[in-house]
Number of protein chains: 2
Amino acid sequence: MARGGAIVLSMVMSLRNQPGASSPSRAAIVDRARRLAAVEGLDGLSLARLAHDLGMSKSGVVALFGSKEALQLATVSIARDVFVEEVVAPVLSVAGGLDRLRALLESHVRYSEARRESGGCFFAATSSEFAGRPSSVRDAILAARAEWDAVLLRIVERAIGKGDLDPDTDAEQLAYQLRALLEAASTDALRLGTAEPHRRTRIAIEAVLRSAGAP
Amino acid sequence: MARGGAIVLSMVMSLRNQPGASSPSRAAIVDRARRLAAVEGLDGLSLARLAHDLGMSKSGVVALFGSKEALQLATVSIARDVFVEEVVAPVLSVAGGLDRLRALLESHVRYSEARRESGGCFFAATSSEFAGRPSSVRDAILAARAEWDAVLLRIVERAIGKGDLDPDTDAEQLAYQLRALLEAASTDALRLGTAEPHRRTRIAIEAVLRSAGAP
DNA sequence: CCTACCGATCGGTAGG
DNA sequence: CCTACCGATCGGTAGG
């Protein structure tokens, strides 16, 4: 059963590397774009600025991607992969149920703690940036977030299904509250520049889990 | 006592209108900028775009403000005033304590519900935009948010002080959790395009208040 | 408040 | 991957 759950999650969250489609340069550019976008956003990031940071010419960057939009889409894709690798993948070795849920939440809090000094989370920085106008980049960002929502929900459901939480727990409601706390840690820590939001989020997560029947 | 609390809050949250300092044009420009910034951000908004929307020339806008930065600062200021007027001011007539706290939270949820169709909340759209680089605009946004944090905290403290919540409640922790839920409603509703986040935030707020001893 | 203009920078193309 | 260049747009100024 724990095996089955892990397999389902692996499918949902499988890394999307397309072998052969990327050169070393492409990977270096996208990685740099990902880091810069977490600070300055994905739209404000200019091709010239990115190229200069990498010691290459602007048209060299354009030649590898075709357009800024294509570069942005590649950047969202790699940001999603990094998130999966750093936050989700490590907890799939933990037994499904409350243990895995706690591990996932702590993994996210630690991820966001590590991001604090380096300038913030990619998805936090870019989500509101594209919120207004419809675009393919916006769709890609929303799809990545929806995927994360689904993973969290599934792990919550499994904890309930296994009997680790009260059987009448509303999984979507619980997942929503936990997500609100994770995001608050991320945004508040960046805003205030302290570790206090992460501490408060950890406390609140435990309170919410306990009121859902967790020991 | 309820009177005293209202006076303190009124001081903290007094409207900052400087009479005489604004012409009708200035007010119209800033109001338009505020609405546009809630959708496209405050930095991406260009002077030419703003001027065109208002049917005037770009240099006309610049002449009234001196620089884009000054316009941005004026816009943050008016956005803060609108927030105070729409969210905080109405609840000051409610008796201090749990009633006022509930009224404030409901006021914020309704405010964010109303913003959903018109393209989002000004502070949600602009906070992450300036998070990276230090600037006077960033400082102004952070100051407005800190002010809101302080008001929420004060109203929570008052509910505890009045005995409406458990006396050993951690006011900062409770305020933090409530704020996380308010912000989740705002961002999720814009992202998903449904009213569900507001419904979930209302449910979660009541759960959090009850676990702090609210009837 | 306007027209006319400035240098800088944007994303992108031509041609190699 | 490069140099050289394109039209468009940026914030801002001059002068009225």
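Since we're looking at a predicted model, the values are computed, not measured. Chain A is the first sequence line, chain B the second, and so forth, proteins listed ahead of strands; every chain is numbered from 1.
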*Quick one: CG on A:Leu178 to CD1 on A:Ile155, what's the gap to the nearest 0.5 Å?*
11.5 Å

*Pick the nucleotide of DNA chain C nearest each of A:Ala48 and A:Ala63; which residue has the one closer to the 5' end?*
A:Ala48

*Give A:Leu54 one of three labels, base, sugar-phosphate or nothing, depending on what nucleic acid heavy atoms sit under 4.0 Å from its own.*
nothing

_Nucleotide range of DNA chain C lying under 4.0 Å from chain A heavy atoms_ = C:dC10 to C:dT13

*Between B:Arg133 and A:Glu40, is there a side-chain N and carboxylate O pair less than 4.0 Å apart?*
no

*asked:* For the residue pair B:Glu129 / A:Ser128, report whether a side-chain donor-acceptor contact shorter than 3.5 Å exists.
replied: no

*If you look only at pairs with a residue in residues 97-137 of chain A, which of them pass as a ring pair (Phe, Tyr, Trp, His ring centres under 6.0 Å), with sequence neighbours excluded?*
A:Phe83-A:His108, A:Phe83-A:Tyr111, A:His108-A:Trp148

*Between CG of A:Leu71 and CG of A:Leu64, what distance do you get to the nearest 0.5 Å?*
10.0 Å

*For A:His52, does its backbone N or O pair with a side-chain atom of A:Lys58 as donor and acceptor, under 3.5 Å?*
no

*All stems with DNA chain C, defined as three or more consecutive Watson-Crick or G-U pairs under 3.5 Å*: C:1-16 with D:1-16

*CD/B:Gln177 to CG/B:Leu209 distance, rounded to the nearest 0.5 angstrom?*
10.0 Å

*Give A:Leu71 one of three labels, base, sugar-phosphate or nothing, depending on what nucleic acid heavy atoms sit under 4.0 Å from its own.*
nothing

*Can you measure from OG (B:Ser186) to CZ (B:Arg191) and round to the nearest 0.5 angstrom?*
12.5 Å

*NA contact type, B:Ser46, heavy-atom cut-off 4.0 Å: base, sugar-phosphate, or nothing?*
sugar-phosphate

